[in-house]
Structures are given as C-alpha cells and as structure tokens.
Amino acid sequence: MLIIGLMLLFLAIRKGFEPLLLVPIGFGGILANIPGSGMAYSALENAVQGADPAFLLELARVLGVAAAENGKELLVAYAASDAVTHVAAQQLALDAGFSNGMLYSFYSVAIASGIAPLVIFMGVGAMTDFGPLLANPKTLFLGAAAQFGIFATILGAVGLTSVGVMDFSITDAAAIGIIGGADGPTAIYVASMLAPDLLGAIAVAAYSYMALVPMIQPPIMRALTTLEERQIEMVQLRPVSKREKIVFPLVLLILVAMLLPDAAPLLGMFCFGNLMKECGVVDRLSDTAQNALINITTIFLGLSVGSKLVADKFLDVNTLGILGLGIVAFGVGTASGVIIAKLMNRFGSTPINPLIGSAGVSAVPMAARVSNKVGLEANPHNFLLMHAMGPNVAGVIGSAVAAGVMISLVGG
Amino acid sequence: MLIIGLMLLFLAIRKGFEPLLLVPIGFGGILANIPGSGMAYSALENAVQGADPAFLLELARVLGVAAAENGKELLVAYAASDAVTHVAAQQLALDAGFSNGMLYSFYSVAIASGIAPLVIFMGVGAMTDFGPLLANPKTLFLGAAAQFGIFATILGAVGLTSVGVMDFSITDAAAIGIIGGADGPTAIYVASMLAPDLLGAIAVAAYSYMALVPMIQPPIMRALTTLEERQIEMVQLRPVSKREKIVFPLVLLILVAMLLPDAAPLLGMFCFGNLMKECGVVDRLSDTAQNALINITTIFLGLSVGSKLVADKFLDVNTLGILGLGIVAFGVGTASGVIIAKLMNRFGSTPINPLIGSAGVSAVPMAARVSNKVGLEANPHNFLLMHAMGPNVAGVIGSAVAAGVMISLVGG
Amino acid sequence: MLIIGLMLLFLAIRKGFEPLLLVPIGFGGILANIPGSGMAYSALENAVQGADPAFLLELARVLGVAAAENGKELLVAYAASDAVTHVAAQQLALDAGFSNGMLYSFYSVAIASGIAPLVIFMGVGAMTDFGPLLANPKTLFLGAAAQFGIFATILGAVGLTSVGVMDFSITDAAAIGIIGGADGPTAIYVASMLAPDLLGAIAVAAYSYMALVPMIQPPIMRALTTLEERQIEMVQLRPVSKREKIVFPLVLLILVAMLLPDAAPLLGMFCFGNLMKECGVVDRLSDTAQNALINITTIFLGLSVGSKLVADKFLDVNTLGILGLGIVAFGVGTASGVIIAKLMNRFGSTPINPLIGSAGVSAVPMAARVSNKVGLEANPHNFLLMHAMGPNVAGVIGSAVAAGVMISLVGG
Amino acid sequence: MQQDIVAQGLELMLYGMGTVVVFLALLVIATTAMSSFVGRYFPEPQTPAVMGNKPASTGAAPNDELVAAITAAVHQHRGRKQ
Amino acid sequence: MQQDIVAQGLELMLYGMGTVVVFLALLVIATTAMSSFVGRYFPEPQTPAVMGNKPASTGAAPNDELVAAITAAVHQHRGRKQ
Amino acid sequence: MQQDIVAQGLELMLYGMGTVVVFLALLVIATTAMSSFVGRYFPEPQTPAVMGNKPASTGAAPNDELVAAITAAVHQHRGRKQ
Ligand code: NA
Ligand code: NA
Ligand code: NA
C-alpha cells in the first residue's frame with residue numbers, strides 16, 4: 001500500500017493529477033498503512049489488536065461470549081451484538097486507555113457524518129457561475145445525457161457480478177457508477193453512504209479519471225463527430241442579469257425540495273454556496289466558504305479518504321473492477337453527451353456544436369476546456385469555452401440528482 | 001415555512017436586513033422544512049419516521065413498552081425513559097443505518113454545546129474598540145438603563161400568560177426578553193439554554209429588529225427630547241492610552257469572575273477577543289478570530305438557527321407574541337436609555353446629549369449611527385457618533401450581564 | 001490561580017514570552033478558575049457540584065452505591081465503576097440539564113483527542129524549511145545530542161521521587177522530560193497521553209523556557225567553548241534542489257513507518273505539512289495550514305491548556321519540581337549539543353562552530369538566532385544563522401522521535 | 001439471485017436515468033420561466049455572463065490603503081451585528 | 001400559578017435590573033480607578049480613541065512586497081514557536 | 001519500588017537516547033543517499049537554500065489587480081475540481 005500511496009503522490013505532484021485531493025489522499029494512505037500505529041482504527045480495534053489477555057477477557061465478558069485468544073472473533077461478536085453492548089465495548093476500550101486513531105477520528109467527523117463533502121459542495125457552489133447555463137438553459141439536457149455513464153456502469157457492475165467475475169452488491173454497483181458523475185464530493189458522499197468499504201478505491205478512481213479527462217475524452221469526441229459538426233460556431237450567449245443569478249439557486253432548491261428530498265443535502269448546500277456568492281451582501285461569508293473553509297475541509301477529507309486505502313480492502317480484484325468500470329463510465333458519459341448534442345443540433349432550431357456535449361460529465365472546468373480545445377483544432381476562430389460551461393455545471397447538478405435517486409432507491 | 005424562509009432571504013438580500021445572519025438562517029429554514037429529507041432531525045427521529053415495522057418493534061423492546069404502530073408514542077416513551085435507555089435507543093437507530101440530519105449535527109455542535117455564540121462573541125470582542133467607553137465611563141449607565149427593555153418585556157410575557165393570551169413559562173419569558181438586548185449571539189446563547197423551542201423565533205426577531213433600529217428608534221428619540229436637548233454638543237473625548245485598553249478587558253473579566261460567574265462564558269470570551277485585539281502581540285490570532293473563524297462559525301450558526309424554524313414550532317400564536325414583545329423590548333430599551341441620558345444631562349456636571357442614550361440598547365454600531373443621524377438633523381455641526389459608541393458597547397456588556405442574571409435565576 | 005493567569009498574561013504581553021500560546025493559556029487559566037462557572041468541568045462534575053439531593057440520589061442509584069451527601073464520594077465511585085455505568089452516569093447529568101463546560105468541551109475536542117497538537121505540528125511543518133539541514137545532514141547528530149536533556153531530566157525526576165522529595169510516576173517523569181524537547185506541540189501531545197494532570201504545568205514550563213532561551217543558553221555556550229572555537233567560520237552551505245526538499249519528508253516518513261510507529265502521528269503530520277509546502281502544487285492548502293487553520297487551532301489549544309491550570313493540581317510542590325527540572329532539561333540539552341559539536345569539529349573533516357550545537361534543542365528559530373548572536377560577539381563577520389537552522393529543525397525531529405520512544409515504552 | 005441483481009440494476013438504470021432527465025427537463029422549464037419573469041417584471045442594467053468571481057478576487061486582494069480602510073470598517077460594522 | 005408566574009417575573013425584573021445597574025456602576029468605578037492608576041503610574045505616548053481596527057486592516061491588506069516579505073518572515077518566526 | 005522506578009528511568013534513558021541517536025544516524029545516511037541519488041539522476045536548475053516561504057508570502061499579499069485576477073481564476077479552477 002505504501003507503494004500505492006507514493007504512486008498517488010507522484011501522480012499528484014509530478015503529473016498534476018488533482019493535487020488538491022490526491023496529495024492528502026496519498027499521504028493519508030501511507031499513514032493508514034503504518035504497521036503498529038493504528039491511526040486508521042477505532043479505540044476498540046486498537047485495543048483488540050493490542051491483545052492484552054486481561055482486556056480480551058473483559059471484552060468477552062461484556063460481549064457475553066466465551067473468552068477467545070483471537071481478537072478477530074471478538075470483533076465479529078461485537079458486530080453481531082446489540083446497541084447497548086456496542087456502547088459498553090467502546091467505553092471499555094476508552095477506559096482501558098486506548099484511543100481512536102487520528103485518521104479514524106478525522107473519518108468519523110468528516111465523512112461518516114457526511115459533512116465534509118457537503119461543506120466542500122457549498123464551497124464549490126460559491127465558486128460556480130451559472131451565467132452560461134442561464135443564458136442557454138437547453139444545455140441542461142446535455143448535463144442530463146452525460147449521466148447515462150453512471151447508470152451504464154451500474155449495469156456493467158451487476159453484469160460482472162452476475163457472471164461471477166466480480167462480487168458487488170447493488171449498493172456497491174451504485175457507488176461505483178457515481179464515478180461516472182465526474183464530481184469528487186458527490187462520489188465521496190454517495191460512497192460513504194452506500195459502500196464505505198469501497199470509498200477509497202472509488203474516490204481515487206473519480207479524481208484520477210477527472211485528471212485524465214484531457215486524454216479520455218478527445219478521441220471519443222472526434223470519433224462521434226464530423227469535421228463540419230466540430231466547426232459549428234454557436235451564437236453569442238445573451239447577457240444574464242444579476243437577479244436571475246440570485247433567483248436561480250432558489251428555483252433549483254425548490255424543485256429539489258418538491259421532487260427529490262434525498263438530493264437535498266447535496267444540492268441544498270450547493271445552492272446555499274451559490275446564493276451566498278450571487279446575493280452580494282454576504283461576501284465575507286462567501287469568501288470564507290471558497291477559501292479558508294473549503295481548504296480546511298479538503299485537508300481533512302483527503303486524509304480521511306486516504307485512511308480507507310488499507311491493504312485488505314484495496315489490494316483486491318474488486319479494485320481493478322472499480323478502476324475498469326470507472327473509465328467505462330467516463331467514456332459512456334462523454335459519448336452520450338456528444339450524441340445528444342448532435343441530435344439537438346440536428347433537430348433543434350439554433351446550431352449546437354456537439355463538442356460541448358462532452359462537458360456534460362462535469363469535471364468542471366476541465367471538460368469545458370477540452371471541448372474548447374478540440375473545437376479550436378477544427379476551427380481556430382471557434383471559442384466554445386463559455387458555451388461548454390453550461391453543460392459543464394449542468395453535469396454537476398445532474399450527478400447530484402442521480403446521487404439522490406440512488407440513495408433513495410438502494411440506500412439505507 | 002418555505003414561504004417564511006424565502007421572505008427572510010428577501011428581507012436579507014433586497015432590504016439588507018442583517019444579511020450575514022438572515023441569509024444562512026433563512027436558507028437553513030428552507031432546508032429544515034423539506035419534507036422527507038430529515039435534515040433537521042436526529043437519527044432516532046429519522047428512524048421512527050422511516051417507520052420500518054421491524055425497527056419500531058425492536059425500539060419498543062429497547063424502550064420496554066408495548067409495540068406501537070405510531071412512532072410518536074415511541075418518541076414520548078423515549079423522552080420518558082432513563083439515561084441508559086436513551087443511549088441504547090440512539091445507538092439502535094445508528095446501527096439500523098439511520099444518521100443524524102446535517103442540520104441536526106450542525107445544531108448539536110454549534111448551538112446545543114453553546115460554543116458557536118461564544119466563538120462569535122469572541123470575534124465581536126476582537127472587533128470592539130472600548131476607547132470611547134474608557135474616555136467617558138459614565139456612559140456605562142446608559143448601557144445599563146437600556147437593558148430595562150429586557151425586563152419590561154419579561155413582565156409583558158408573563159402578563160400575557162397570566163391573562164391567558166399566550167402560554168409562556170418563566171424561562172420562555174426570560175429568553176424572549178433578551179431580544180431587547182439587541183445583541184444576536186447573546187440572544188441565541190440565552191435562548192439555547194432557556195427555551196430551545198423558541199430559539200428560531202427569538203433569533204429571527206432579534207436580528208430583524210436590529211435591522212429595523214433606524215425605523216424604530218428615531219420617533220421615540222424625538223418624542224422624548226426637546227430640540228434644545230438634541231442640539232447639545234458634547235465635549236471632545238479625551239485620548240485613551242493603549243495600556244488602558246489592554247487592562248480594561250481584564251478589569252471587566254475580574255469583576256465578572258467575582259460577581260457573576262454565570263455571565264463568565266459570554267463576557268469571558270468577549271474580553272478574550274478584545275484582549276487579543278488590544279494587546280498587539282497576537283495579531284495573527286486576532287485577525288483569524290475576526291475573519292476566518294467568525295465567518296465559519298456564522299455560516300454554521302445561521303444554518304443551525306434555521307433548523308429550528310420548523311412549522312409545528314414556528315407557525316404558532318406564541319411566535320406572534322414573541323415578535324410583538326420583541327418590538328416592545330426595543331422601544332422600552334430605547335426610551336429608558338434616552339430618559340436616563342436626559343437625567344444625567346440635567347443633574348450631571350458635563351453636558352450629555354440625550355440622543356446617545358438610545359445607543360445603549362447595543363445593536364452595534366447601527367444604534368450609534370442613528371444617534372448621530374438624529375443629532376445632525378437638530379444641529380448640522382454636531383457629530384455624536386464617537387460619543388454614542390460608548391453607550392453602544394456598554395449595551396453589549398449590559399445585555400451579557402442581564403443574560404448571566406437570568407441564566408442563574410431561572411436556568412438549569 | 002487568578003494571579004498566576006494574570007502573571008502569564010503579563011509575561012506574554014509585556015515581556016513577549018511566546019504570546020501566541022501564553023495569552024490564550026493565561027486567559028484560559030483565569031476562566032477555568034472562576035468559582036461557580038464550571039467552565040473547566042464535565043456535565044457530571046458540574047451536576048455533582050450542583051449537589052441537588054434528588055440528582056445525587058439518582059446518581060448513587062445508577063452507580064449502585066449507598067446515597068452520599070458528599071459528591072466527591074460519588075465521583076470516586078464513578079471512577080471505579082465500569083463502562084456501561086460511565087455512559088449511564090454521563091447521560092444522567094445531561095438529561096438533568098447540566099452541560100459540559102466550554103473549556104471542558106474545548107479540551108476534549110482539541111487535546112484529549114490528541115488532534116490539536118497534531119494539526120499545529122502540520123502547520124509548523126508547512127512553515128519549516130529543511131534546506132539548511134539537507135545541505136549539511138551531519139547536523140542531525142546535533143539535534144540528537146540535544147535530546148539528552150530530555151532523558152537526563154527523566155533521571156532527575158525519578159531520582160527526586162526515589163529520595164522522596166517529589167512524587168512522580170515513570171509516566172510523569174517522561175512527560176516532564178519532554179520539556180527539554182523545547183517543542184510546544186510535542187510537549188502537549190506527550191503530556192496529554194502520559195500525564196494529563198501535569199499538562200498545564202508542563203506546557204507553561206515548555207513555552208516559558210522557550211521564551212527564556214536567549215537568557216538560558218549563552219552562558220552555557222560561552223562556558224563550554226573557547227574563543228577560537230566561537231570564531232570558527234563555517235563553509236557556505238551548498239544550494240539544495242527543490243526535488244530534494246520534496247523527497248525528504250517522504251524519506252523521513254518511511255523511516256518512521258519502518259522503525260518507530262509510535263512517532264508516526266507527530267512526524268507524519270509534520271512531514272505532511274512540509275510536503276504540502278514544498279510540492280508547490282497545493283499552495284492554497286499549505287497557506288491555510290500555516291494561517292487560518294493553525295491560528296484557529298492555537299486559540300482553542302491555548303484555552304484548553306489553560307483549563308488545566310486549576311488550583312488543586314497546579315498549586316503543588318510537584319509544579320515547582322516541574323519548573324526546576326524543566327530548566328535543567330534546557331541546560332543539559334544545550335550543553336550536550338555544544339559538546340557534541342565540539343567533538344564533531346575536533347574529529348571531523350569540515351570545521352564546525354560549536355555554537356550551532358545549542359540550536360539542537362529546537363525552540364525554532366530562537367535557538368538558532370542565539371547561536372548567531374553569540375557567534376557575532378566573537379567574530380563580527382561570522383553569520384551562523386543558516387548553519388544553526390540545520391540542528392534547529394533536526395531538534396524538532398529529535399524530540400518527536402524521543403516522544404515516540406517514550407510513548408511506546410511507558411505509554412498506554 | 002444473480003438474475004435478481006441484474007433486474008435491480010436495470011430498474012435502477014431506468015428509474016434513475018428517467019428521474020435525471022425529467023428533473024432537468026423541469027429545471028429547464030422553471031429556469032426559462034424564471035428568466036422571462038425576472039426579465040419582464042424586474043429588468044436591470046444587464047451584466048455580461050462572464051466566468052470569474054468578483055467578490056472572491058476583491059476579497060482576496062484589496063489593492064490599496066483606501067480599500068484596506070473600508071474593508072476594516074466594513075468588517076467592524078458587520079462583525080458588530082453578528 | 002398564574003399569579004405565581006407574575007411574581008416570578010417581577011422578582012426576575014427587580015433582581016435582574018438591580019444586578020445590571022449595580023454591576024455596571026461597579027464597572028464605572030473600577031474603570032475610572034484603573035484609568036487614573038494607569039495614567040498616573042504607567043503614562044504613555046497617548047493615542048487618540050478612534051474606531052477602526054489597525055491589526056485587521058493591515059492583516060487584511062499588506063500593501064507592498066516589503067510588508068509581504070515581513071509578514072511571511074513573521075509568520076514563519078511565530079509559527080515555529082507554536 | 002523506589003529503586004524500581006530509578007531502574008525504569010535508567011532503562012528509559014538508555015533505550016530512548018539510543019533510539020534517538022540510531023534513528024537520526026539512519027536519517028543522515030538516508031538523506032545523504034537521497035540527495036546524491038536525486039542529484040545524480042534528477043538534476044535540476046538549483047535553487048539556493050534560503051529561509052522564507054514563497055507560497056505563504058505570495059498567498060498572503062497578492063500585490064496587484066493582475067495577481068488578484070489570476071488568483072481568483074486559479075481558485076475557481078481548483079475549487080471546481082474539489
Ligand atoms: Na456530473
Ligand atoms: Na444590549
Ligand atoms: Na527538540
């Protein structure tokens with residue numbers, strides 16, 4: 001695992017793979033795998049690993065099982081035991097002078113509570129400009145189309161399971177699919193709820209592939225479009241008034257409240273951050289949300305994710321499956337976005353350059369840049385960046401919606 | 001409730017009503033009232049609302065009551081049950097895969113613990129300049145006088161209760177009275193200790209009326225003063241040495257420690273913030289306390305307060321009572337401040353413009369600006385701002401003292 | 001105690017003794033000793049002090065002991081009781097409307113969890129430049145030598161105990177010794193694990209003596225060196241490449257992981273901070289770690305440490321012992337550093353000015369400045385600052401290693 | 001059971017993708033309606049839709065004493081209200 | 001009981017308002033004493049009592065390279081000590 | 001027991017001081033090896049070993065509109081990725 005941690009650091013520092021997340025994740029992965037430090041374990045796990053006979057005996061008594069040399073048996077008994085026993089056993093370990101590992105504490109506070117991804121999403125909202133989306137709302141369809149990658153991947157995961165190659169539950173499959181959302185906090189939030197054991201692999205896949213977007217997308221985009229299509233110039237976006245920008249997050253929030261309560265935490269915080277930015281009367285809060293607060297949260301979120309990169313979970317055929325399915329997710333999402341954009345161009349009134357469809361996977365703002373770059377190859381005077389920002393942020397909303405659906409269907 | 005949340009956002013964004021607090025409060029109010037998202041509820045409440053028969057059965061067993069279809073009965077039984085049972089029931093809900101709602105977590109950490117208001121008070125202390133107060137300590141009496149609004153309101157609340165119009169306990173009455181303190185964190189701190197159910201309404205009233213100070217105060221001020229009084233020019237404030245400013249928070253702290261321990265958390269943190277600012281050797285801490293830290297705390301405090309704006313508590317005749325009594329509190333406080341200032345002017349040696357008395361309600365620095373503005377109407381060359389800052393900050397101390405008294409008399 | 005708190009504030013503000021820590025510590029000490037406010041006590045302690053007969057009776061029932069007028073007896077019984085009882089008793093106090101004191105909450109979150117010292121250490125790492133150390137790795141030996149002060153002090157503490165002057169356990173002795181590490185967060189981290197009762201005295205001693213370094217060290221340095229030695233000019237340090245600086249924290253981390261897991265939390269976070277600084281791709285995280293985050297943590301860490309300055313623990317002959325032993329620790333550490341530097345100069349190939357040996361105690365960067373200053377006295381053209389920074393940061397690593405050893409030998 | 005999970009996957013796909021499309025379609029309608037409503041009843045001196053976060057930048061780099069002073073005053077002013 | 005709560009309210013009002021007045025009166029005395037004591041025994045080049053938060057403003061907007069460098073150095077210096 | 005604790009103290013001293021010296025000695029070796037390895041195989045335009053924290057200073061004081069704009073853009077860019 002140490003090697004994997006170092007590799008992540010290398011990718012982040014030398015290759016510039018999403019360093020803001022992969023540096024803390026990689027480092028956390030190394031810390032979590034230091035034998036004997038128990039930084040990623042709870043007080044009880046550390047106490048059991050300490051394996052002091054007297055403690056194990058006492059614990060066995062509390063759990064009401066026969067004394068066991070092997071701590072593992074006790075942890076199994078613990079998992080099976082009821083609520084009061086859980087509390088008692090935990091307190092027992094604390095009283096015995098064992099404490100929760102640092103990374104375990106970070107994980108409990110930052111991720112198990114679901115709070116860190118939400119706070120980061122608030123900060124992202126405070127950094128998002130919905131102007132291009134408001135100028136051309138139809139691009140929301142591209143953000144919807146690209147989410148097909150998520151669900152195709154779920155089908156792939158259950159397929160691999162049904163033929164016995166992998167072994168994923170339906171919740172695992174859903175959590176893996178969200179990689180196709182190309183949105184870090186959403187992926188971590190969903191994984192922490194549906195498949196905590198896979199969180200490490202899923203987060204690593206999500207961020208790595210987001211970094212690889214400039215390599216993954218262009219070939220697909222070129223394959224699915226003709227040169228003429230790539231050369232299409234789009235009409236200048238209309239100006240958007242401040243008031244529209246202020247009202248939009250509220251419209252989105254109300255729609256979520258009425259239709260999709262399970263997406264409310266994610267999209268609610270996203271809209272809150274965006275409202276703080278646009279309303280213009282709470283700049284000091286908005287600035288903090290997109291600087292000090294999001295940075296602090298990112299540090300602890302990254303280390304916490306890293307704490308899930310423990311050998312017995314990560315060095316596993318399923319991880320390979322996750323990495324494989326993840327890249328499929330990106331590819332399918334990109335393709336669907338481009339294809340729908342082609343159709344909208346063919347059958348719509350205003351010309352749409354299909355290249356902006358690929359931005360619907362989100363991976364903000366990298367995917368939009370890719371659309372712009374590929375567009376410039378075909379037509380040096382064709383700047384698609386602003387046009388691609390619409391589907392780009394639409395993709396963020398789209399994957400948050402998909403997350404809500406999956407949590408409500410297969411979650412808890 | 002959604003309408004109320006939107007209305008608060010409108011007042012905050014369009015009308016500039018204390019946006020730093022009312023934007024998060026209003027938004028939190030909307031999030032808290034999204035049906036089915038359970039963001040404002042504990043894991044147990046969410047589990048009970050989930051109403052999975054198996055869980056309810058198990059819960060009934062833990063609570064030692066007969067199985068009940070209706071979750072409400074179980075929550076009643078829970079409230080009545082003893083400590084160990086509480087722990088067991090909570091753990092049961094967690095083990096069943098339910099989790100505390102985001103806003104519930106924020107509320108527990110930020111408000112139930114009492115910490116967020118104290119941290120904000122520390123930041124306010126780090127932004128407060130006691131110079132004008134030190135230059136003219138007598139103005140402390142004006143800060144005392146204006147607190148009469150608090151206690152008059154308490155009398156009003158118990159009066160309304162005794163005649164049966166409203167139904168407030170004595171603790172409710174005290175918490176409502178503190179609205180007259182015109183000091184946000186103090187009001188939230190007291191309400192969280194004495195009347196958590198009314199916290200939402202009290203906080204909303206406190207901040208709304210602070211925003212309305214420029215409308216509420218002037219008529220009262222004009223009615224109670226003659227033109228000659230309003231034209232009084234005050235003697236230039238003496239310069240205050242750095243050392244006095246450094247020693248003052250310690251003097252205040254020692255006085256609190258000796259006389260009023262229940263006010264120690266509030267005034268202690270206030271003095272700590274002010275000492276950090278004035279001592280000049282910990283500027284990096286002082287800067288953080290009045291920027292990153294207070295902003296982060298404000299975001300979570302606001303959302304947490306909003307989580308208390310749930311229909312069954314808020315849409316209630318008592319809320320109307322709170323709003324009505326709150327404005328009375330402001331009026332009476334303003335009047336008492338002005339009257340005492342008149343008396344000090346009449347019987348004191350140095351001339352005092354009665355208009356600075358109204359600043360004693362705190363609502364820093366708005367009330368001081370109002371004094372200055374009304375003064376300029378009467379005498380275009382009469383700048384009262386600095387003179388009004390003395391009673392203004394004195395009002396902050398005064399309401400914190402009042403809070404301490406009430407907590408010690410009717411609290412816990 | 002109030003006097004002691006004020007004295008600490010005086011030393012911090014007027015004399016400039018480590019104000020960033022001693023201002024919050026001193027203020028926290030005052031708050032913790034306000035009679036009747038219970039800010040430094042848990043809900044249960046506050047409930048017992050409240051001494052409501054009904055509650056005491058109920059508590060006695062929960063603890064399964066005979067009713068007792070005296071709350072102290074109940075606290076003793078509580079300490080002796082088992083895990084489930086602990087939980088029940090705590091919940092009982094909360095249900096009775098008592099709450100944890102503010103400082104108690106801060107202490108639990110910041111120090112008992114061990115997190116605050118680690119976060120500060122991360123920030124320190126993000127502010128540390130290992131360049132001078134990498135340019136001349138041999139100076140690491142000086143950082144090792146100076147840690148002899150730690151262990152000599154331990155011997156002193158157990159010696160005083162064995163002759164009956166003081167009464168320290170071996171864990172107490174180890175925690176006292178760490179004062180000689182001249183490194184604040186390390187001292188607090190070790191003390192919180194090995195001797196929480198002595199935490200206040202140890203932290204105060206550590207920071208005070210760090211502030212006194214310019215008075216403690218020079219005489220020892222002059223006494224142990226000849227004028228010729230003090231005049232030695234050292235060869236210009238070689239430039240160090242960015243890549244070396246990036247790789248170094250990883251090398252250190254891996255060494256720790258293989259040899260000393262118990263030092264992993266401290267040195268791990270230290271290396272993480274340094275990597276964030278040097279890698280150059282996460283500047284926004286690095287900036288936050290060395291500004292907003294470290295400042296926020298420092299405020300709460302300081303107040304928490306102050307909460308341990310309660311009379312019955314602090315006003316005690318052992319505190320005198322700690323203060324006495326602490327200064328011995330500094331002296332011995334300084335001496336060993338200088339002596340080893342002399343030997344390295346005598347028997348080594350390149351000339352080493354023994355004055356840089358004293359910087360090995362850490363107390364970054366003050367000790368390095370002292371080396372430079374004393375060097376300039378002997379030779380006005382001899383600038384040792386950069387040369388002394390090597391042993392200086394080596395001393396930080398050295399004391400963190402010593403901390404790990406002691407925790408693994410006598411801890412938990 | 002293996003077939004079962006595939007069935008679940010298919011259901012999740014159909015229901016999920018459907019919800020995403022329907023939700024965003026409604027959002028298109030709501031947004032268009034909102035924009036025309038705001039444009040009709042609350043017109044405003046228009047600002048171009050550019051990327052870039054004014055508040056953040058000004059927040060991050062007050063560029064002279066004046067701004068510094070104002071900032072401090074505003075902080076004080078707002079802070080007080082908190 | 002209704003009368004009872006009114007009685008409680010009155011008591012709270014009298015005792016509370018009394019405490020506030022007495023406390024602030026003592027604070028007036030203590031402050032005046034402190035000021036004259038400091039003025040007598042620890043005089044100092046006087047600074048005018050102005051609103052405004054120097055540390056905050058300078059903290060918020062270092063206005064040139066020099067200050068920037070100093071700031072960095074100071075941070076480093078202080079940070080180390082922590 | 002009194003002797004016992006002295007024995008413990010001695011043991012702690014010997015074992016502890018030994019570990020510190022051995023650990024730092026290994027670190028000297030590892031560092032030297034690392035430096036020569038990096039120097040040999042990954043040479044680089046050298047930067048002088050100076051104290052001072054560039055990121056911090058620039059982070060602390062963007063000194064003109066340009067930097068401000070860039071900063072905002074970068075924040076936005078990075079923020080998005082988070
Ligand atoms: Na997406
Ligand atoms: Na007030
Ligand atoms: Na050291």
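Numbers restart at 1 for each chain; the letters A, B, ... are given by sequence-line order, proteins then strands.
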- How long is the gap from CD1 on Ile170(C) to CD on Glu11(F), to the nearest 0.5 Å? 8.5 Å

- Task: Please look at Leu155(C) and chain F and tell me whether the side chain, the backbone, both or neither of the residue comes under 4.5 angstrom of a heavy atom of that chain.
- Result: side chain

- Item | Minimal non-hydrogen separation, Leu255(C) against Leu26(F), with atom names | CD2-C, 4.0 Å

- Message: Please classify the contact of Ser169(C) with chain F as side chain, backbone, both or neither, using a heavy-atom distance under 4.5 Å.
- Response: backbone

- Query: Any idea which heavy atoms bring Phe23(F) and Val256(C) closest together, and the distance?
  - Reply: CZ-CG2, 3.6 Å

- Might you confirm whether atom CZ of Phe270(C) has over 12 heavy atoms from other residues, nucleotides or ligands at distances under 6.0 Å? yes

- Bottom line for Leu252(C): the part with an atom under 4.5 Å from chain F's heavy atoms is both

- Counting only heavy atoms closer than 4.5 Å, note whether Leu409(C) contacts chain F via side chain, backbone, both or neither. side chain

- At their closest point, which heavy atom of Ala144(C) faces which heavy atom of Met17(F), and how far apart are they? O-CE, 3.2 Å

- Query: Is it the backbone or the side chain of Ala145(C) that comes under 4.5 Å from a heavy atom of chain F, or both, or neither?
  - Reply: backbone

- Note on the structure: What one should report as the nearest heavy-atom pair of Leu12(F) and Ala174(C) is CD2-CB, 4.1 Å

- Message: Is Leu260(C) close to chain F through its backbone or its side chain, or both, or neither, when contacts mean heavy atoms under 4.5 Å?
- Response: side chain

- Val401(C) and side-chain contact (heavy atoms from CB on, under 4.5 Å): which partner among Leu27(F), Val20(F), Val21(F)? Val20(F)

- Query: Checking Ala402(C) against chain F: side chain, backbone, both or neither under 4.5 Å from a heavy atom?
  - Reply: both

- Item | Under 3.5 Å donor-acceptor, Arg243(C) side chain and Val38(F) backbone | no

- Task: Could you check if a side-chain atom of Phe141(C) sits within less than 4.5 angstrom of a side-chain atom of Leu24(F), using non-hydrogen atoms only?
- Result: no

- One should read off an interatomic distance between Thr171(C) OG1 and Gln8(F) CD, to the nearest 0.5 angstrom, of 9.5 Å

- Message: So which atom in Glu244(C) and which in Met34(F) form the shortest heavy-atom distance, rounded to 0.1 Å?
- Response: O-CE, 3.6 Å

- Task: Working to the nearest 0.5 Å, report the span between OG1 of Thr31(F) and CZ of Phe248(C).
- Result: 4.5 Å

- Query: If you take all heavy atoms of Ile5(F) and Phe168(C), which pair is closest and at what distance?
  - Reply: CD1-O, 3.3 Å

